[in-house]
Amino acid sequence: MAASLHLAAPAARAPRPTSLPGRQTCQHKPRAPAVSRQTAPQCWSTPRQRLVSSSASSPPAAQATGSINARAATGNDAAAAAAACASLEVDHSSSDAQQQAAPSSQQDLQQDAAAPASARASSSSSSSSSLEEQPPEGGQPPVAALAAARGVGVTPATAPLPSAVVPVEAAQAATEAAGAAVASAGAGVLGMPDPSAERSTDFRDPWSSLMRWSRYFRSRETNDALDRLEKVVVFGGGSFGTAMAVTLARQKSELQVTLLLRDPYLCKDINELHCNTRYLKDFTLPPNVSATTSPREAILGAQFAIHAVPVQHTRVFLEGIKELVPPSLPIISVSKGIEVSTGQLMSEVVPSVLGKKQRTVYISGPSFANEVMSGRLTCVVAASRDKSLARTVQRLFASPAMRVNTTTDVIGVEICGSLKNVLAIAAGIVEGLELGPNAMAALVSQGCAEIRWLATKMGGKTATISGLSGLGDIMLTCYGSLSRNRTVGVRLGRGEKLSDILASSSQVAEGVATAEVVVNLAHKYRVQMPVLTAVAQVVDGHLTARQAVFEIMNLPQIEER
Ligand SMILES: NC(=O)C1=CN([C@@H]2O[C@H](COP(=O)(O)OP(=O)(O)OC[C@H]3O[C@@H](n4cnc5c(N)ncnc54)[C@H](O)[C@@H]3O)[C@@H](O)[C@H]2O)C=CC1
Ligand SMILES: O=C(CO)COP(=O)(O)O
C-alpha cells in the first residue's frame, strides 16, 4: 500500500495552491454553539515519538504503518496503508512517468490533492488512484513482487513496503546498500557469501513488471463518470457529510454540491461565509459547496445522494423526504452503525424506506473527517451488490488524495464499520484506565477476532475484515485520538458518566447505540463476544469499566481461534 500511496501522484502535476486545501482557518465564530471535540491522549505518546520508537514499542499495526508516515500514525493514511498491506490489495495507479513526477513529500501530495481533478491531466481517468479487488491475469500482486524483490520469503503480514515519500530510485539504492551492508557484515562475521551482486537486478525486475502492468491497466481505463456529473446532494451537513461534499467539490469546480441541513443558521454560514461553523470551523469550503434546508431544492437535479445522517435518525429522516427521492437517484451511504429499534444495517434500512429498486453503495474505511478535509491521504471501500455502481462511485471519488476499493461484500463492510465503533469505545476505556500498551494490543486483537466471528457468521468475507473497512478502520478509531467513539471510552474509563459525556458533545458517537445491538446479534448468531458485549454493560451502567476488565481477564483460559 505504501507503494500505492507513493505512486498516487498525477501524471502531470497541477499548479500547487499556496496553502493546503481548505486548511486556512475560516475564522468565523459559529452562530450555533461551537463543537468541542474531546481530544483524548494518544495511546503511544506523540506521533513523532512513535516514529522514533516504533520498532521497539509500537504494536504490530503501528510498526507496519511506521515506514509509510509516522506523522500520520493516528491518521487515515497510516491505518489505510497498513490495512491495504494486510489485505494484499493492488495498486493500479502508477507509471514510471508518474514516479518521476512524484511529489517528494507528504505535503506535496496534499497540495496536489487540493487541485480540482478536472484540472489534473486527463481528469481521473488517467490519474485514477483506485484499487481493484483482484489484479487482472498476469498482474503480480505488489506484496508478492516486493517479497520476491527482496529475495526472501516474506510473508504478507510482515512484508516491508517502500516508503510513501522516498523516490523509488533512492529507496532502491538505500535498500540495496542496506542489503549489501548486512550481507558483508554476515560475510565478515559468519563467513556467508555476498549475494548483493545478483540481488541488485533481481530487485528491479518485479517492480518494473508491476509498473508495466499498472501502465497497461490504466491505459485501458475510461472514465467519464466525473465528466457527466453536475450535481450531488448530501443528506446531513455534519463532519463527514461536509467532508464528503468537499471531496467531490474538489474533483470538479463546475460540480454543484448541495448540503441538505436542518439548521438555517448553519446554512447561512455555509452559503455566506463558506464555512461549516458548527462542525468544521477550521476549514474554508470550496465555492461550489452550498447548503439549503429545502429538501426539494436540494434533491432537484441531483445525480447522486450522499447519506451522512446518523444511523439512529436515518429512518425518520428518509421517511420525511422519500416522496422527493426519485428511484433513479443512487444513494451513497457513509453512516456506520446498526439501527437499535430493528437491528438492521444501513443496507436494510435504506431499501426498507426507499424501496428495493433504489441503487445503493456503502462507503466505509479509515477516514476521519478532519483528515479528509485537510486533503490527507485516505483510502476507503465502496461496497455494493451492484458492481457497476460501486465502480462509478470509485471513479467519482478517486484522486491523488483518495483511493477507493470496490467490493460486493456489503454485509462484511457494514458489520465492520458498525462494530469497530464499539471496539473503539473499548479501546478508549483501556486508555482511560491507563492499562498500558500490552492490554491495548490484546484488546484490539480480541475485538478483531470477535468482529470476524460475527461478520463471517452473518455472511461477511474474511478478506473484508482484514481490509480497509475492517482492520483499517479498527486501527484508526482504536488508536486515533480524533475518534469520537474512542473519546467516549476514554472518558468512561476515567470514571465519567455516559450522560455527561454525551451532553458535552454535539457530534454522534455511533458505537454507543450500536453496543446495545451487538448483544442481540451475539445472541442471535450464537457468538461469544466478551469485549464487545462488555462495552454494552459499561455503557448501560451495569458494570464499571474496571469491573468489566476484571471480568474479562478472569474468563476461562482458551485455545486461540
Ligand atoms: N466524522 C467522521 O470522521 C466519520 C463519520 N462517519 C459516519 O458518518 C455518519 C455521520 O457522522 P458525522 O457527520 O460525523 O456526524 P455529526 O454528528 O458530525 O453530524 C451529523 C449530522 O446529521 C444531522 N442529523 C442528526 N440528526 C438528524 C435528523 N434527525 N434528521 C436530519 N439530520 C440529522 C446533524 O444535523 C448533522 O448535520 C455517522 O454514521 C458516522 O459514523 C463515517 C466516517 C467518518
Ligand atoms: O468512522 C470514523 C473514521 O473512519 C470516525 O470515527 P468516530 O465516529 O469514532 O470519530
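Residue numbers run from 1 in the order of the sequence given. Below, all heavy atoms of this structure are taken into account, side chains as well, without hydrogens, waters or symmetry copies. Counting starts at 1 for both ligands and their atoms, following the listed order.
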Given side chains that start at C-beta, do those of [X] and [Y] come closer than 4.5 Å, heavy atoms only?
X    : Y    : result
P530 : E450 : yes
V531 : I552 : yes
N370 : L280 : yes
L433 : V549 : yes
N421 : I425 : no
P366 : L468 : yes
F397 : I363 : yes
V518 : M529 : yes

Checklist entry - G365 to ligand 2: N or O pair under 3.5 Å? => result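 For ligand 2, there is an N or O atom that lies under 3.5 Å from one belonging to G365.
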
Next on the checklist: If I apply the N/O under 3.5 Å rule, does N421 come out as touching ligand 2?
Outcome noted: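 So ligand 2 has no N or O lying under 3.5 Å from an N or O of N421.
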
Consider ligand 1: state whether an atom of it lies below 4.0 angstrom from any non-hydrogen atom of [X].
X    : result
R484 : yes
G337 : no
V316 : no

Quick check on contacts: which atoms of ligand 1 are under 4.0 angstrom from a heavy atom of [X]?
X    : answer
F317 : 30 (N), 31 (C)
E510 : 38 (C), 39 (O), 41 (O)
G241 : 13 (O)
A369 : 1 (N), 2 (C), 3 (O)
S367 : 3 (O), 43 (C), 44 (C)
Q507 : 17 (O), 18 (O)
V334 : 6 (N), 7 (C), 8 (O), 42 (C)
H313 : 26 (N), 27 (C), 28 (C), 29 (N)

Which heavy-atom pair separates [X] from [Y] by the least distance, and what is that distance?
X    : Y    : answer
A513 : Q312 : CB-NE2, 3.6 Å
A382 : V361 : CB-CG1, 3.8 Å
R385 : T408 : CG-O, 4.3 Å

Next on the checklist: Below 4.0 Å, non-hydrogen atoms only: which portion of K336 touches ligand 1? Side chain, backbone, both or neither.
Outcome noted: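 Near ligand 1, K336 shows its backbone as well as its side chain.
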
Item to check | Part of Y279 with heavy atoms under 4.0 Å of ligand 1, whether side chain, backbone, both or neither | outcome: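 Just the side chain.
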
Next on the checklist: With a cutoff of 4.0 Å, is Q507 in contact with ligand 2, counting heavy atoms of the residue only?
Outcome noted: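 No, that is not the case, since the closest heavy atom of the residue is not under 4.0 Å from the ligand.
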
Item to check | A509 to ligand 2, any heavy atom closer than 4.0 Å | outcome: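 Flag not set, A509 not near ligand 2.
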
Would you kindly say whether [X] and [Y] are connected by a side-chain donor-acceptor distance under 3.5 Å?
X    : Y    : value
Q507 : S239 : yes
T242 : N276 : yes
R403 : Q394 : no
E339 : T342 : yes

Ligand 2 contact on [X] by region, counting heavy-atom pairs under 4.0 Å:
X    : answer
R486 : neither
S367 : both
E510 : neither

Item to check | Donor-acceptor contact present, side-chain K461 to main-chain T456, <3.5 Å | outcome: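 Flag not set: sc K461 to bb T456 has no pair under 3.5 Å.
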
Item to check | Atom pair OG (S384) and OH (Y362), whose distance is rounded to the nearest 0.5 Å | outcome: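 Rounded to the nearest 0.5 Å, the OG-OH separation comes out at 7.5 Å.
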
Which atoms of ligand 2 have any heavy atom of [X] under 4.0 Å away?
X    : answer
P366 : 4 (O)
L476 : 3 (C), 4 (O)
D473 : 3 (C), 4 (O)
K420 : 1 (O), 2 (C), 5 (C), 6 (O)
S483 : 7 (P), 9 (O), 10 (O)
N485 : 7 (P), 8 (O), 9 (O)
K336 : 1 (O), 2 (C), 3 (C), 4 (O)

Are any of the N/O atoms on [X], whether in the backbone or the side chain, positioned under 3.5 angstrom from an N/O atom of ligand 1?
X    : value
V309 : no
G236 : no
V508 : yes
F368 : no
N421 : no
G237 : yes

Next on the checklist: Set out, in order, the CA-CA distance, both residues' side-chain angles and the distance that settles side chain to side chain donor-acceptor pair (under 3.5 Å) for N271 and S290, then state yes or no.
Outcome noted: CA-CA 5 Å; N271 291 334; S290 61; 4.6 Å; no

Next on the checklist: Between D500 and R491, does any side-chain N to carboxylate O distance fall below 4.0 Å?
Outcome noted: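 The answer is no: the pair does not qualify as a salt bridge.
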
Next on the checklist: Looking at non-hydrogen atoms alone, which of V334, T477, L468 comes nearest to atom 6 (O) of ligand 2?
Outcome noted: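 Among V334, T477, L468, the closest heavy atom to atom 6 (O) of ligand 2 belongs to T477.
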
